[in-house]
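One structure below.
All chains are named by letter (A, B, ...) in the order of the sequence lines, taking the proteins before the strands, and each is independently numbered beginning at 1.
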Amino acid sequence: MTLQYPALSDQQLREHPWDAWQCQRTMARLVFFREKRMYRQCFDELWSSRKDISFGQNGGFWIGRASIEKNLVQALENSSIPTGSSVALQSLMSPLVEVAADGATAKGMWYCPGVRTGQTSGGQARAMWFYARFAADFIKESGIWRIWHLFCGGEFTFDVGRSYIPGNGMALLPDAELPMPGPGEMPILLGADYGDGYDLPVNLYGITSGWSAYPPEPRPYETFSETFSYGADPFMEGTK
Amino acid sequence: MMDNKKGINRAAAMHEIENAMARHCYHHARGTHRDELEDVWHSDSNLHNWSPQPNVMQSYVINHEKNAQTGYVRRLGTHMKEALAAHDYRNLEEISVHTLAAPILEMSEENDFCKAIWYTPGYVSPALPNDIYRFVKCPTWMWERYAVTFRPDADGHYKITDFANMMDLSVPMDSQCWTSKATRLRKDDEKPPMQVDRDFFHAPALAKRPSGFGCSERLDERFCAVKELEAVIGMRTFYVGRRQQAEEVETLWCKNEPDVRFSQENGSFSGLELLKSTYGVDENRKRDAFDERLAQVEPENAGQPDTVRYGTEVLNYQTFSTPCIELAGDGLTAKGLWNVTAALTVAGGDGPVGFWAWGKCGVDFKLEDGTWKIWHMSVSTQYISPAGQPYDPAIAEELAPFGIGIEAQPDGPTVWGKDIPLPEPYEHFQNTFTY
């Protein structure tokens with residue numbers, strides 16, 4: 001489908017690149033805050049004040065402020081896992097940011113190579129590649145671009161210095177049995193409920209046959225109601 | 001100050017071009033090459049020029065779809081007809097992820113074309129059996145460079161016309177190093193040894209671009225200022241990769257600031273003359289040491305040009321991404337923090353050794369004669385490991401493959417794993433910290 005660009009005034013043409021850049025800045029600060037383990041500042045500064053914020057990853061979504069604060073701030077701050085000199089580095093590459101014609105929201109996608117170090121339970125040092133796709137809806141609040149929905153799709157992870165072997169539910173190489181999804185089919189929902197727990201276990205990245213369809217790239221759009229969401233809503237249609 | 005309309009168009013064009021290039025990457029990864037042609041390539045196919053794929057429609061679209069369809073048909077067997085009609089099989093040939101980092105965007109004066117360079121540290125993985133898909137045999141790291149020209153299409157939106165890509169390294173994930181003879185010589189492969197031309201791509205004409213505008217109230221000008229800063233860093237990647245750090249110091253670094261400084265783990269080097277005599281000759285010094293060592297361990301390769309000695313030449317491929325940039329309120333300075341993802345080749349005891357290195361780089365910029373220059377640069381390595389070997393943190397403490405200035409003493413102490421702070425909004429440089 002050919003890209004359809006909304007008609008923009010000179011004022012919009014002037015503002016949108018800067019708005020897109022501000023969204024990139026927000027994502028960069030998110031990555032750096034999390035690497036520096038500044039979870040509270042990350043949440044307070046970068047996330048929208050809306051009640052319907054969400055964070056999604058391969059296994060499901062956390063929905064709502066209480067759920068995200070509990071799992072992305074408190075749980076990490078109170079974690080008993082020793083961090084020591086371990087690092088969790090994630091880079092943002094291939095930025096694609098579309099600002100809505102009305103200037104109220106934006107959508108962005110990045111490809112995120114990463115590496116993480118830590119220790120096994122036996123105290124042995126370990127490092128793993130962790131490559132992912134980040135996709136986010138942003139909303140402008142009082143002139144500041146904040147995160148509304150964020151999806152982190154883990155592409156693959158495996159040990160540094162070892163041959164890549166498919167596994168962990170994030171295979172690059174095809175399995176022996178090739179599934180035959182229909183057009184536009186999304187994985188089966190295992191359950192759906194709003195709350196402050198681990199709400200929507202959804203198997204999105206059982207990659208067995210090439211690049212996963214989710215998340216799709218942003219496309220130019222007029223206003224948020226005319227585009228899709230990187231939140232949990234697309235997975236909940238028909239189940240409410 | 002830029003002309004109002006020209007400035008608006010310039011900013012909008014650069015934003016659109018970055019998005020278009022990213023769309024190329026995602027389409028390419030998914031195998032939707034035909035859609036990519038429609039979305040981001042110029043509608044006049046006579047303008048298409050892709051090196052080394054001369055016929056874009058045939059080689060990039062048709063051949064790919066044919067391969068993917070062949071594989072899909074083979075898998076599905078008797079269910080072929082129904083499945084072909086129901087499923088987009090184009091993602092079944094390969095996953096080809098060429099990420100975009102260290103951008104350099106050069107808009108022409110009249111905004112009628114843009115020449116851009118990106119560094120692409122990515123990977124390629126086959127989704128088809130080896131008898132159908134022959135490009136790589138297994139998941140493979142593939143780090144390349146892109147040089148792309150964009151021109152406005154009939155609809156006014158900027159699209160790709162010229163495209164050139166050159167590979168810097170290719171090695172199976174993750175148990176091999178590109179320097180190993182098993183990887184380099186490829187005796188079991190029909191293809192000739194990989195050739196890499198480090199001098200491919202001419203240097204962009206950085207100096208003549210409109211610059212500054214950091215304090216402008218016009219958002220298009222502030223956006224252009226950010227792109228300028230990204231391009232300065234992209235140019236640094238370009239010069240380092242080509243062992244042209246003398247040119248880098250001459251072109252990109254402040255000349256009028258007595259405290260111009262480069263810092264990394266093994267110390268700080270302050271002042272332009274010290275920078276020239278240490279940082280500015282570092283890559284050449286390492287190349288000489290490398291050649292000397294190589295002459296001892298692999299005399300058959302010593303003295304050969306880079307194009308035939310892939311894997312045995314000094315490699316310093318440093319990509320900058322995740323930009324977090326703050327423009328000073330007074331418009332005179334700027335600060336930025338980047339992630340650095342690097343592949344390095346150095347002279348080890350038994351020959352060339354490759355490393356993966358990740359870290360941070362904090363940079364202070366200052367306007368000199370209306371052009372952004374690097375004032376202070378501070379690099380911190382957070383992860384380093386020999387390519388093709390399991391991680392061992394003890395190695396990190398012993399390594400200084402990018403150490404500089406063996407003839408000169410650094411100004412500052414060695415600090416391994418130092419923290420590089422996030423920049424915050426500021427008005428004047430005296431209100432912020434120094435990198």
Atom CG of B/N67 and atom CD of B/E94: how far apart are they, to the nearest 0.5 Å? 9.0 Å
Residue [X] versus chain A: region with a heavy atom under 4.5 Å:
X      : result
B/V97  : side chain
B/W356 : side chain
B/H98  : backbone
B/L37  : neither

Exactly one candidate in B/R90, B/R30, B/R23 meets salt bridge (Lys or Arg N to Asp or Glu O under 4.0 Å) with B/D35; the answer is B/R90
Heavy-atom contact with chain B under 4.5 Å, split by part of [X]:
X      : value
A/D159 : backbone
A/Q124 : neither
A/P220 : both
A/V115 : both
A/M27  : neither

For [X] and [Y], does a side-chain donor sit closer than 3.5 Å to a side-chain acceptor?
X      : Y      : value
B/W358 : B/N339 : no
B/H28  : B/E36  : no
B/Q69  : B/E93  : no
B/D220 : A/W18  : no
B/N111 : B/K6   : no
A/D102 : A/T223 : yes
A/Y221 : A/T105 : yes

Count the heavy-atom pairs under 4.5 Å between each of [options] and chain A, then report the option with the highest count.
options                        : result
B/D174, B/V340, B/T319, B/L100 : B/D174
B/T341, B/L219, B/D155         : B/L219
B/A101, B/P323, B/A12          : B/P323

Between A/A20, A/A125, A/G114, which has the largest tally of heavy atom pairs under 4.5 Å with chain B? A/G114
Mind ranking A/H16, A/K36, A/Q11, A/Q24 by heavy-atom pairs under 4.5 Å with chain B and telling me who comes out on top? A/K36
